[in-house]
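Just so it is clear, the model here is predicted, and its values are computed rather than measured. Each chain gets a letter, A, B and so on, in the order its sequence line appears, and its residues count up from 1.
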Amino acid sequence: VWSDMRDPAGSETLETVAGPGRHATLSPMRGDEALAQAARNDHAAFLALYDRYAVRVGRYVTAHIANPSDAEDVVSLVFMRVLERIHQYRPERGSFAAWLFGIARNTVREHYRKGWRFVPLLASHRADIGPSAEDTVLHRDALDAVGLAVQHLTSTQRDALALRFVAGLTYAEAGRLMGKNEDACRKLVGRTIESLRLVMDEEDER
Amino acid sequence: MSNDPNTSGDSAVIDRYLETVRDVDTQRLARLREQLAATPHPHRRRRRFTIALPSATIPALVTAIALIVGSVALIQHSRNRASAGHPGTAADGGTILFVRQNHWYTMAPNGTHLHMLLSSTADCSDFGCAFFSPDGTRIMVAAHPADRIRVATAIIRTNGSGYHVLPLPDSRLNLGPGAWAPSGSRIALAGWDDSNKSRAGLYVVNSSDGKGLVRLTTSPDGRHDDPLLYSPDGSRLLFYHEGTQGSSGGPGFGGLFETTAAGSGRVKLNPPGTYVTADFGSPASWSPDGKHIAFTAFDDTRAGVSAVFVENANGSNRHRITPWGEWSTSARWSPDGSRIVFDRLAMNGYHNLFVVHPDGTGLKAITSNAQRGLGACCSVWSPTGYKLLTSLVPVTGTGHLVTMNADGSHLETLPVSRTNNDNWEYAWGR
């Protein structure tokens, strides 16, 4: 989806973002901050930002909320809030992406706060996994192991991974949203990856 | 935002992790884009305050009411409206105020006498936007002034009459709700000027005409001060100081402060290393004698980990009265002073209500909705303190506003449906 989109200014191809089977190549996309400034009064600029970020925000939300319907509702709420608050964005205080995912993060937390149900992540992932060719089965087993491990991460660990690798924020930006400094965030992510690696290694040894 | 798989091994783990993350349905994203494209641009509307219009301007009254009540309740409502234009007094007395789909309603505590009071043009998910006067006869709400851009405060009687927007003192200041002084004659408001951050602070005006403006606080960092509650004797005022996350767009995480009614002193109440949120109504409440304050605060270093604290009205002798737990956001002192009701997230994602004595003894869960698939949140006391009003919402579909005894017994469902998309704005006035 993303590779087919063009920057509204027509000058650049938008970055490909995280998708199944690949991790994010989230180099900064030029013009987000300028677009956000324009979006204070220009609806077209806001929609251009939506085009740039909708998929990524969707993936960030589904990293936390497995129920597809709930996740879609939360994504809607995120962008309604972005529209409502776009005039509050200040480029001098950070990237638009960090501001946007701050809203997304808080909306997800509010979703939990309102008593919505935590649906086990694996339940939906299994449904998305393909037919039963042997290699697919093997892959599914590994995915289940990692998925199960992800499910058992603390909310802080899961959030750190999502902000860093799904949202594509820098360690400093992710840390700021989580109330941590850059180094602490980097260590948190490192430890989390290590814990997932152990799960994968154990699976490989079976 | 460079990607940073530290090693090839890390990259493989991250790949696997990302495989566990789904995409949102593209057709749904396309539909959302269409909805956003059709949504009027808000320009410089401030986020926190809902904008209220008198119900007389809303032609779809019957439709709106039908959205929130069942057919039986609607019949009851029609019968009652024929005989009375305002909420009656029943059960535990007083009037219940609640918001549903951007409309404000009042009803009697037994579920009768439903009346649409106001209609809003904006969601009110972030902050309490309507407040009963101490005697329960008036309600303070956010409103637009004549310029239709800034935020002002309006007063309306509980029976729906007398709506008027309090005038703003100049062409730039916003003054949004709000806390009532115990006398009901003065109200504390959140003030700010989009062109001049130094004007952010608490202001006080007459509730009758908006005159007699006095500035109470000066925000040291230009972020907003939002009034929460006056002490019972009116000598002190609790307020919330917006945090950095709030000003950068997310729901607010800031600090709980108090000042005197004259604005002298600025005492921070939540402990170092904690923050508070006012996104679900006031996180704090006064003891009925005004000598103590109960509040919830979150640990800075542990996401969502929070507890209930009690301290003296002057900020001294602070102590935590509950164990640390997940997502406690409201601590409300009972009118008789013997208990504090608070909410807490259970392991399965649902909230339950608890009561505890102010000294931390007698901690007891009064709902067990985790077993019933319901979520309880943000309970408020009836004026007598015998009952609690809260919202119970199931996993999917709709739940209801409910009342219950303070020990959780005698749960009664009000004919007001709630979904997870509704906010938590409700109050029980005298």
Side-chain angles (χ1 to χ4, degrees), chain A residues 1 18 20-28 41 43 47 50 54-55 58-59 62-63 71-72 75-76 79 83-85 87-89 93 97 99 102-103 106 110 112-118 121 124-125 128 142-143 146-147 150 155-156 159 161 165-166 168-170 178-179 193 196-197 200, chain B residues 1-6 9-26 28-29 32-33 35-37 39 41-45 47 122-123 245 247-251 279-280 300-304 327 329 345 348-351 373-377 393 395 420-421 424:
Chain A
V1 173
R22 63 180 187 276
H23 44 82
T25 52
L26 295 170
S27 58
N41 298 302
H43 209 56
L47 292 175
Y50 175 83
V55 171
R59 288 177 60 75
T62 62
E72 290 164 2
V75 171
S76 298
F79 281 101
L83 177 60
E84 179 84 10
R85 301 169 182 177
H87 69 277
Q88 295 178 328
Y89 169 65
R93 301 182 66 165
W99 181 81
I103 292 176
N106 283 314
E110 185 178 328
Y112 288 145
R113 175 63 184 77
K114 286 184 173 179
W116 288 30
R117 188 178 183 184
F118 287 96
L121 289 169
S124 60
H125 296 144
D128 292 341
L143 176 59
V146 175
V150 169
S155 59
T156 302
D159 203 26
L161 284 187
F165 298 114
V166 179
L169 302 186
T170 65
M178 301 179 70
I193 290 175
L196 294 179
R197 188 206 316 283
M200 288 174 56
Chain B
M1 292 183 290
S2 61
N3 195 28
D4 186 34
N6 302 315
D10 283 357
S11 180
V13 176
I14 296 164
D15 274 341
R16 290 287 183 85
Y17 161 68
L18 288 170
E19 288 173 14
T20 71
V21 181
R22 289 177 296 107
D23 285 312
V24 170
D25 178 63
T26 53
R28 178 66 186 260
L29 290 180
L32 174 58
R33 192 184 193 284
Q35 292 169 4
L36 291 167
T39 302
H41 202 75
H43 299 293
R44 291 177 61 80
R45 188 173 63 203
R47 72 180 170 91
D123 184 39
Q245 289 194 24
S247 60
S248 66
D279 288 347
F280 306 97
D300 262 344
T301 61
R302 296 178 291 171
W327 280 101
T329 59
L345 187 66
N348 63 356
Y350 296 103
H351 277 250
L374 298 170
C377 169
V393 180
V395 176
N420 281 306
N421 290 323
W424 303 98

(request) Go through the steps for A/I193 and B/Y17 under the test side-chain contact (heavy atoms from CB on, under 4.5 Å), then give the verdict. (result) CA-CA 9 Å; A/I193 290 175; B/Y17 161 68; over 6 Å; no

(request) Test A/V55 against B/D23 for side-chain contact (heavy atoms from CB on, under 4.5 Å), laying out the working first. (result) CA-CA 7 Å; A/V55 171; B/D23 285 312; 3.8 Å; yes

(message) Please evaluate residues B/V21 and A/F165 with respect to the criterion side-chain contact (heavy atoms from CB on, under 4.5 Å), reporting the C-alpha separation (whole Å), side-chain torsions for both, the decisive distance (0.1 Å), and the verdict.
(response) CA-CA 11 Å; B/V21 181; A/F165 298 114; over 6 Å; no

(request) Determine the minimum heavy-atom distance between B/L36 and A/H43, stating which atoms define it. (result)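 Looking at all heavy atoms of both residues, the closest pair is O-NE2, 2.6 Å.
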
(request) Apply side-chain contact (heavy atoms from CB on, under 4.5 Å) to A/R59 and B/L18, showing your working. (result) CA-CA 9 Å; A/R59 288 177 60 75; B/L18 288 170; 4.3 Å; yes

(message) For the CD atom of A/E72 and the CG atom of B/L32, what is their distance to the nearest 0.5 Å?
(response)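 Answer rounded to 0.5 Å: 10.0 Å.
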
(request) Measure the CZ-CG distance between B/R16 and A/L196 for me, rounded to the nearest 0.5 Å. (result)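 Going from CZ on B/R16 over to CG on A/L196, the span is 11.0 Å.
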
